[in-house]
Visitor: 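Pasting a structure here, questions to come.
Quantities reported herein were computed from a predicted structural model and do not represent experimental measurements.
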Amino acid sequence: MKTAGMRSADLSIVFLCDVLMKSLMYRLFAVATTALLFVVVASAAESVDILVERGKAFERKFQANDALPLYLSAEKVEPKNPELLVRIARQYRYLMTDASDNQEKLRLGHIAMDYSTRAAACGPKDCDAQLAPAITLGKMLPYLPTKEQVAASPRIKVSVDKALAIDPHNDTAWHVLGRWNRVLAEVSSAKRFAAGLIYGQLPKGSYEEAEQAMKKAIALNPKRLMHYIELGRIYAQMGRKEEARQFINKGLAMPDTEKDDPETKQRGRETLAKL
């Protein structure tokens with residue numbers, strides 16, 4: 001009986017040791033798994049940072065075809081990163097500029113718009129994210145059907161207003177607001193009435209508000225030629241020809257530093273030719 005009791009105690013001890021060992025192994029496994037997870041997460045974050053930095057290097061040279069694959073790879077890891085989505089939308093707009101076919105421009109514009117909309121949704125307090133839809137729609141406007149142009153106008157204004165509410169010192173937002181007012185101010189009463197009957201109410205803009213917005217953009221960032229040329233175009237539509245020539249020529253004399261600068265200068269030259 002003593003022997004049986006000792007064997008039972010031995011078995012209990014073995015069983016207890018087995019339980020303790022399994023518990024210890026489980027804890028070690030949990031700790032190792034957690035540590036590995038941290039390593040994977042840190043590695044993924046590091047990979048995203050590396051991809052984005054490499055993309056930025058190409059973006060600074062306006063090489064969208066090289067920057068875009070890097071940004072898209074980073075997006076797979078961080079699909080709700082507003083800054084990243086803004087950059088992807090920008091690359092598609094750059095590709096729009098380079099495309100020669102209008103249908104291709106529009107196709108790229110719709111992709112850019114999808115990323116712009118996602119950026120705005122993911123970054124409610126990010127000025128660039130809120131502004132992205134306005135910039136993209138503005139780029140698409142010349143290629144959209146009239147009905148879609150009318151529908152885009154209030155969306156641009158809403159986007160700009162949200163951006164300026166976050167950062168009233170964003171010169172790009174003031175530029176877009178100035179262009180929005182200029183474009184709508186040049187729509188005649190007859191065209192506005194006809195558009196209202198067919199497509200819905202078209203927002204109103206004014207040359208005076210366009211002028212003030214563009215002056216604000218220049219005050220915030222006097223190194224961007226697009227502000228001067230656009231202010232010159234506003235003055236041209238207001239019939240202030242000398243001021244139009246002065247500001248357009250000032251912009252034309254400045255070096256190209258942005259992707260759309262050659263296109264902006266061409267619009268400036270066309271305006272000068274009509275004065």
Visitor: Spell out, as yes or no, whether a donor-acceptor pair under 3.5 Å connects the side chain of Glu209 to the backbone of Gly205.
Guide: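 Between the backbone of Gly205 and the side chain of Glu209 there is no qualifying donor-acceptor contact (under 3.5 Å).
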
Visitor: Has Lys259 got more than 12 heavy atoms of other residues, nucleotides or ligands less than 6.0 Å from its NZ?
Guide: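 For Lys259, atom NZ is crowded (more than 12 foreign heavy atoms under 6.0 Å).
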
Visitor: Are the side chains of Leu70 and Val52 in contact, using a 4.5 Å heavy-atom criterion?
Guide: no

Visitor: Salt bridge between Lys265 and Asp256, side-chain N to carboxylate O under 4.0 Å?
Guide: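 Salt bridge flag = yes for Asp256 with Lys265.
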
Visitor: Taking Gln130 for the side chain and Gly123 for the main chain, is one N or O donor matched with an acceptor at less than 3.5 Å?
Guide: yes

Visitor: Distance-only criterion, 3.5 Å: show the donor-acceptor pairs between side-chain atoms of residues 163-170 and protein atoms not counting sequence neighbours.
Guide:
unit_1, atom_1, unit_2, atom_2, d
Asp167, OD1, His169, N, 3.0
Asn170, OD1, Thr172, N, 3.0
Asn170, OD1, Ala173, N, 2.9

Visitor: Give the intermediate values and the outcome of side chain to side chain contact (heavy atoms under 4.5 Å, CB included) for residues Tyr228 and Ile248.
Guide: CA-CA 6 Å; Tyr228 296 97; Ile248 292 175; over 6 Å; no

Visitor: Does a sphere of radius 6.0 Å around NZ in Lys125 hold more than 12 heavy atoms from other residues, nucleotides or ligands, not counting ones at 6.0 Å or beyond?
Guide: no

Visitor: Run the salt-bridge test on Glu211 and Arg240 with the 4.0 Å N-O cut-off and return the result as yes or no.
Guide: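 Salt bridge present between Glu211 and Arg240.
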
Visitor: May I ask you to decide whether Lys139 forms a salt bridge with Asp260, counting only side-chain N to carboxylate O separations under 4.0 Å?
Guide: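 So Lys139 pairs with Asp260 through a salt bridge.
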
Visitor: Closer than 4.0 angstrom, basic N to acidic O: yes or no for Glu75 and Arg118?
Guide: yes

Visitor: Is Arg87 close to Glu83 at the side-chain level, that is, under 4.5 Å between some pair of heavy atoms?
Guide: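 A side-chain contact under 4.5 Å exists here.
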
Visitor: Looking at residues at least two apart in the chain, or sitting in another chain, which of them share a salt bridge (Lys or Arg N to Asp or Glu O under 4.0 Å) with Lys162?
Guide: none

Visitor: So does Arg269 have more than 12 non-hydrogen atoms from other groups sitting under 6.0 Å from CZ?
Guide: yes

Visitor: Could you tell me whether a side-chain N or O of Gln149 sits under 3.5 Å from a main-chain N or O of Leu144, the two making a donor and an acceptor?
Guide: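 Indeed, once roles are kept as given, a pair shorter than 3.5 Å links the two residues.
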
Visitor: Does a donor on one side chain and an acceptor on the other come within less than 3.5 Å for Tyr71 and Glu59?
Guide: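 There is such a pair between these side chains.
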
Visitor: Is the closest basic N to carboxylate O distance between Arg267 and Glu270 below 4.0 Å?
Guide: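 The answer is no: the pair does not qualify as a salt bridge.
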
Visitor: For a side-chain contact (heavy atoms from CB on, under 4.5 Å) with Ser116, tell me which candidate from Thr136, Leu137, Ile135 qualifies.
Guide: Thr136

Visitor: Under a 4.0 Å threshold between the charged nitrogen and the carboxylate oxygen, would Arg224 count as salt-bridged to Asp261?
Guide: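 Arg224 and Asp261: not salt-bridged.
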
Visitor: How far apart are the C-alpha atoms of Ile156 and Leu177, what are their side-chain angles, what is the distance that settles it, and do they pass the side chain to side chain contact (heavy atoms under 4.5 Å, CB included) test?
Guide: CA-CA 8 Å; Ile156 291 173; Leu177 181 60; over 6 Å; no

Visitor: Compare all side-chain heavy atoms of Tyr143 with those of Met96 and state whether any distance is below 4.5 angstrom.
Guide: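 Side-chain contact under 4.5 Å: yes.
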
Visitor: For the residue pair Tyr115 and Tyr92, does the interplanar ring angle fall in the parallel (under 30°), tilted (30 to 60°) or perpendicular (over 60°) class?
Guide: parallel

Visitor: Side chains of Asn221 and His227: donor-acceptor distance under 3.5 Å anywhere?
Guide: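 No, His227 and Asn221 have no side-chain donor paired with an acceptor closer than 3.5 Å.
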
Visitor: I'd like to check Pro133 versus Met113 (side-chain heavy atoms, cut-off strictly below 4.5 Å). Are they in contact?
Guide: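 SC-SC contact between Pro133 and Met113 confirmed.
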
Visitor: So, Ser100 and Lys105: side-chain donor and acceptor under 3.5 Å apart, yes or no?
Guide: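 Absent: no donor and acceptor within the cut-off.
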
Visitor: Where do Tyr207 and Glu186 land on the side chain to side chain contact (heavy atoms under 4.5 Å, CB included) test, with the steps shown first?
Guide: CA-CA 8 Å; Tyr207 291 127; Glu186 71 176 334; 3.3 Å; yes

